[in-house]
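These figures come from a predicted structure and were not determined experimentally. Excluded from the calculations below are hydrogen atoms, water molecules and symmetry mates; all remaining heavy atoms, backbone and side chain alike, are included. Below, chains carry the letters A, B, ... as their sequence lines are ordered, and counting in each starts from 1.
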Amino acid sequence: MLGIQEAATELGVTMRTLRFYEDKALIAPQRVGTTRIYSKREMGRMQLILRGKRLGFSIREIKEFLDLYDVDPEHHEQVRTLLVKVTDRIEELRQQKTAIEQTLEELLSIERQSLDWLKGTPDGK
DNA sequence: CTTCTTACA
DNA sequence: TGTAAGAA
């Protein structure tokens, strides 16, 4: 059981971040009076939240996944939901990748044309 | 001094 | 999410 300061340090986030996710109902640390206590469970959930964020999932998506952790002990529906989200995310990234490649090609084309134009001018360069 | 809440950026 | 302010 850790205090908010220690929990934050261990997770590499700030106390604000922990309170933020609690406000979004992704975690629900115990309370001793008004001070928060972070158990192994909250720490584990935070690890998953942080990873979900790294992978580009929204807080809502992460919450959906996390909530199944309690409702579905065997993690059946949980894994299915995860697979769907992961598949969607992969597709989303592929589209972004294509968009970036197109923009890049367009930019490279302009760069080439500019360079060529410069070659034909007096003080060219 | 540390944590909490609330509000604003 | 950071930061600030006032309470506990």
>> How close do Leu118(A) and Thr121(A) get, counting heavy atoms only, and between which atoms?
In response: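 Distance-wise, the nearest heavy atoms are O-OG1, 2.9 Å.
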> Is there a donor-acceptor contact under 3.5 Å from the side chain of Gln5(A) to the main chain of Met15(A)?
Replying inline: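 Pair absent, no side-chain N/O of Gln5(A) close to backbone of Met15(A).
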> Do Ser114(A) side-chain atoms and Ile110(A) backbone N/O form a donor-acceptor pair below 3.5 Å?
Replying inline: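 Yes.
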When you check the gap from the basic side-chain N to the acidic O, do [X] and [Y] get nearer than 4.0 Å?
X         : Y         : answer
Glu22(A)  : Arg19(A)  : no
Glu42(A)  : Arg36(A)  : no
Asp116(A) : Arg112(A) : no

Return the polar atom pairs (N/O with N/O) between nucleotides 4-8 of chain C and the protein under 3.5 Å, or none.
none

> Within a radius of less than 6.0 Å around CD of Glu91(A), do more than 12 heavy atoms belonging to other residues, nucleotides or ligands occur?
Replying inline: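 Enclosed: over 12 neighbouring heavy atoms sit under 6.0 Å from CD of Glu91(A).
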> Do other residues, nucleotides or ligands put more than 12 heavy atoms under 6.0 Å from Glu101(A) CD?
Replying inline: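 More than 12 heavy atoms, drawn from other residues, nucleotides or ligands, come within 6.0 Å of this atom.
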> Heavy atom of residues 17-45 of chain A under 4.0 Å from DNA chain C: which residues?
Replying inline: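 Within residues 17-45 of chain A, the residues near DNA chain C are Thr17(A), Phe20(A), Tyr21(A).
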> When the distance from CE of Met15(A) to C1' of dT1(C) is rounded to whole Å, what number comes out?
Replying inline: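 These atoms are roughly 13 Å apart.
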